[in-house]
Asks: 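Okay, here's the structure, questions in a sec.
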Amino acid sequence: MSDETVAKVRRWYRQRIWFARRDACLKTALYRCATAGCVNRATDCDHIRPHRGDWSLFIESSNHQALCHSCRG
């Protein structure tokens with residue numbers, strides 16, 4: 001991604017819609033990490049398919065998974 005795109009995407013992570021989607025992802029998963037065999041509490045909302053600056057993939061709930069910090073890597 002270009003520097004301009006990276007800057008744009010960083011701003012996305014500070015928007016209310018992202019915080020709402022992140023919270024919904026974690027609550028739906030009951031704060032359980034989606035990694036098989038992991039028993040750690042999920043703290044992060046991860047994109048299953050990298051959005052690479054695509055807004056629709058960024059906010060698409062079906063593209064989110066709850067992961068613990070160590071599994072998110």
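Because the structure is a prediction, the values reported are computed rather than measured. Note that these values count all heavy atoms, side chains included, but never hydrogens, waters or copies made by symmetry.
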Asks: Distance check, rounded to the nearest 0.5 Å: Q15 atom CD versus F58 atom CZ?
Replies: 7.5 Å
Asks: Can you confirm whether W18 sits close enough to W12 that some side-chain heavy atom of one is under 4.5 Å from a side-chain heavy atom of the other?
Replies: no
Asks: In Å, rounded to the nearest 0.5 Å, how long is the span from CZ of R22 to NZ of K27?
Replies: 10.5 Å
Asks: For S70, run the side chain to side chain contact (heavy atoms under 4.5 Å, CB included) check against D44, N40, T43, T35 and tell me which one passes.
Replies: N40
Asks: Rounded at 0.5 Å granularity, tell me how far NE2 in H51 sits from NE2 in H64.
Replies: 8.5 Å
Asks: Can you hop from V39 to L26 via hydrophobic side chains spaced under 4.5 Å?
Replies: no
Asks: Does a sphere of radius 6.0 Å around CZ in R32 hold more than 12 heavy atoms from other residues, nucleotides or ligands, not counting ones at 6.0 Å or beyond?
Replies: no
Asks: Please report the closest heavy-atom contact between N63 and R49, naming both atoms and the distance.
Replies: OD1-N, 2.7 Å
Asks: Consider only side-chain heavy atoms of I, L, V, M, F, W and Y, link residues closer than 4.5 Å, and tell whether V9 and I17 are in one cluster.
Replies: yes
Asks: Applying the side chain to side chain contact (heavy atoms under 4.5 Å, CB included) test to L67, which of C33, C45, C25 qualifies?
Replies: C33
Asks: Check whether any side-chain heavy atom of H47 lies under 4.5 Å from a side-chain heavy atom of L57, and answer yes or no.
Replies: no
